There are 2 protein chains.
Amino acid sequence: MMITRGKLSEQSGCNAETIRYYERIGLLPDPPRSESGYRMYDEEHVSRLRFIQRARELGFSAERVRDLLNLSDSPKQHTRAEVKELTEAHIEEISEKIRDLQKLKKRLDAISSHCDGAMESAADCPILVSLFAKQ
Amino acid sequence: MMITRGKLSEQSGCNAETIRYYERIGLLPDPPRSESGYRMYDEEHVSRLRFIQRARELGFSAERVRDLLNLSDSPKQHTRAEVKELTEAHIEEISEKIRDLQKLKKRLDAISSHCDGAMESAADCPILVSLFAKQ
DNA sequence: ATAAAGCCTGTAGTAAGTACAAGGTCAATA
DNA sequence: TATTGACCTTGTACTTACTACAGGCTTTAT
C-alpha cells in the first residue's frame, strides 16, 4: 500500500516539506511516482523516515544520520563496534557542549551577581561596564 | 586616530568580514570613509566592537546584543533592572539548554549501553534496532 | 461543473558568520 | 617611474536543518 507525501507527513508527524528536504539531501531515496508525478511511499520509506526522525531527536546531525543509515543499509559489511563508535562520539560531543554551557553559565552568574537590578539609571550598571571594559 | 578595517580586525581579533557583517546588521554604526572609500574607525568603534565580542562570547544572540547596546546607548532612559532582566533571561535559556542536553545524554547513554560494541555484524545492533523500532 | 484540497517545482528565508571574485588603492621596491 | 603586493571595496554564495511560499497541475468532493 502506497501513500502520498501528505499522508506520510500526517502519519509520521514530519513536516511534508521536510520529507522533500530529506530526499534532496539523500537521506530518503527518491520514491516512485504516480502517473501524474505524485510521490508514492511504501513501508520501507515509513520506517526509514522513522529512523531519521529518531536519530535527529537524539541530536545526530544529518551527516551522522547518513552514516548510521549507511551502516544499517549494509549491516553485514559493518560491525556493531562502528555503530557504537559513532554513538559514543556523539555522546562525547554532547558532554562537551554541556561542559561549555556550564562554564558559560558560571561566568554569566558571576557577572549578573554584581548588578543589584535596581530601578535606577543603567549608566553605571556593572554588567554593561564589564562588557565594555578593556582587558 | 583612525584605523582601517584590517587594523581593527587585527587589534580586536575579530574577522574583518565579521566587522562588515556587524555593520550590515546594524550592531556597529557605518564608519566614516576616507577619500577613496576606506572605512575609518575610531576609539568608539573599537570599544563598541569589544562589547559585541564580549556579549557574543557570553552566548547572547545578535538580537540580544542589539538590545544590550540600546540600553547602553541611552543609559539615562533605562534602568539596571532592564539590563539584569535581559541577563537573567539569557541565563535561564542556557540553563534550559543544559537540562535538555543532559536529558539527551541520558537517553543516548541508555541506548548505547545495550550495544556491546563487538566486531560482529551490525545486523542486529541494538542501537540500530532501537532507531528503527515502532513506538 | 466547480471549488477545495492536495500535490508539483523552484526559490527564498532563518543565524551568525565565512569566503571568494572582480576590481580599486596604497606603499614600497627595482 | 613602473610595478608588485598588500590592502581595501562591493556583491554574492556557502554553511545547517529546515520552513514557507508562489505559480501551476491533479484529485476529490459537492
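Worth saying up front: this structure is predicted, and the values here are computed from it rather than measured. Per chain, numbering begins at 1; letters A, B, ... match sequence-line order.
Under the salt bridge (Lys or Arg N to Asp or Glu O under 4.0 Å) criterion, A:Asp100 pairs with no residue, sequence neighbours left out. A search for side chain to side chain donor-acceptor pair (under 3.5 Å) contacts involving B:His45 returns B:Asp42, not counting sequence neighbours. Residues forming a salt bridge (Lys or Arg N to Asp or Glu O under 4.0 Å) with A:Glu92 (at least two apart in sequence, or on another chain): A:Arg99. In terms of the side-chain contact (heavy atoms from CB on, under 4.5 Å) criterion, residue partners of B:Lys97 (sequence neighbours excluded) are, by chain and number, A:Leu101.
Between its opening and closing five pairs, the helix from C:dA1-D:dT30 to C:dA30-D:dT1 changes axis direction by 30°, a value rounded to 10 degrees.
With A:Ser95 contributing its side chain and A:Ile91 its backbone, the two residues share a donor-acceptor pair below 3.5 Å. Remark: side-chain polar atoms of B:Arg80 are not paired, donor with acceptor, to backbone N or O of A:Asp116 under 3.5 angstrom. Although no hydrogens or angles enter the test, the distance criterion places no donor-acceptor pair under 3.5 Å between the side chain of A:His90 and the main chain of A:Arg64.
Residues from residues 49-70 of chain A lying near DNA chain C, meaning a heavy-atom separation below 4.0 Å, are absent. In the region residues 31-48 of chain B, proximity to DNA chain D at under 4.0 angstrom, judged on heavy atoms, holds for B:Arg33, B:Gly37, B:Tyr38, B:Arg39.
In terms of hydrophobic clustering, with Ile, Leu, Val, Met, Phe, Trp and Tyr side chains grouped at heavy-atom distances under 4.5 Å, B:Leu86 and B:Phe51 are assigned to a common cluster.
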Show me the donor-acceptor pairs within less than 3.5 Å that the side chains of residues 19-31 of chain B make with the rest of the protein, sequence neighbours left out.
{"unit_1": "B:Arg20", "atom_1": "NE", "unit_2": "B:Glu17", "atom_2": "OE1", "d": "3.4"}
{"unit_1": "B:Arg20", "atom_1": "NH2", "unit_2": "B:Glu17", "atom_2": "OE1", "d": "3.2"}
{"unit_1": "B:Glu23", "atom_1": "OE1", "unit_2": "B:Arg39", "atom_2": "NE", "d": "2.9"}
{"unit_1": "B:Glu23", "atom_1": "OE2", "unit_2": "B:Tyr41", "atom_2": "OH", "d": "2.4"}

Let me check something: any side-chain donor-acceptor pairs from residues 105-112 of chain A under 3.5 Å, sequence neighbours excluded? List them with distances.
{"unit_1": "A:Lys105", "atom_1": "NZ", "unit_2": "A:Asp109", "atom_2": "OD2", "d": "2.7"}
{"unit_1": "A:Ser112", "atom_1": "OG", "unit_2": "B:Glu88", "atom_2": "OE2", "d": "2.5"}

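For residues 68-77 of chain B, every residue pair satisfying the salt bridge (charged side-chain N to carboxylate O under 4.0 Å, His left out) rule, not counting sequence neighbours, is listed here: B:Arg48-B:Asp73.
Interatomic distance, CD of A:Glu82 versus CG of A:Asp67, reported as 10.0 Å (0.5 Å rounding). With rounding to the nearest 0.5 Å, the separation of OG in B:Ser121 from CD in A:Gln77 is 8.5 Å. If you take CD on B:Glu10 and CD1 on B:Ile3, they are separated by 9.0 Å, rounding to the nearest 0.5 Å.
A straight line from NZ of A:Lys97 to P of D:dT16 spans 13 Å, rounded to a whole angstrom. For the pair B:Arg24 CZ and D:dA13 P, the computed distance is 13 Å after rounding to whole Å. The CG atom of B:Asp30 sits 14 Å away from the C1' atom of D:dT10 (whole-angstrom rounding). Look at NZ on A:Lys7: it is 10 Å from P on D:dT28, rounded to the nearest Å. Rounded to a whole Å, the CD1 atom of A:Ile19 is 15 Å from the C1' atom of D:dA17. Between the C1' atom of D:dT19 and the CD1 atom of A:Ile25 lies a distance of 14 Å, rounded to the nearest Å.
Heavy-atom contacts from other residues, nucleotides or ligands closer than 6.0 Å to CD of B:Glu85 number 12 or fewer.
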Filtered N/O pairs between nucleotides 21-23 of chain D and protein, under 3.5 Å:
{"unit_1": "D:dC21", "atom_1": "N4", "unit_2": "A:Glu17", "atom_2": "OE2", "d": "2.7"}

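When DNA chain C is scanned 5' to 3' for any atom under 4.0 Å from a heavy atom of chain B, the first and last hits are C:dA16 to C:dC26.
Residues A:Leu58 and A:Thr87 are not in side-chain contact: their nearest non-hydrogen atoms beyond the backbone lie 4.5 Å or more apart.
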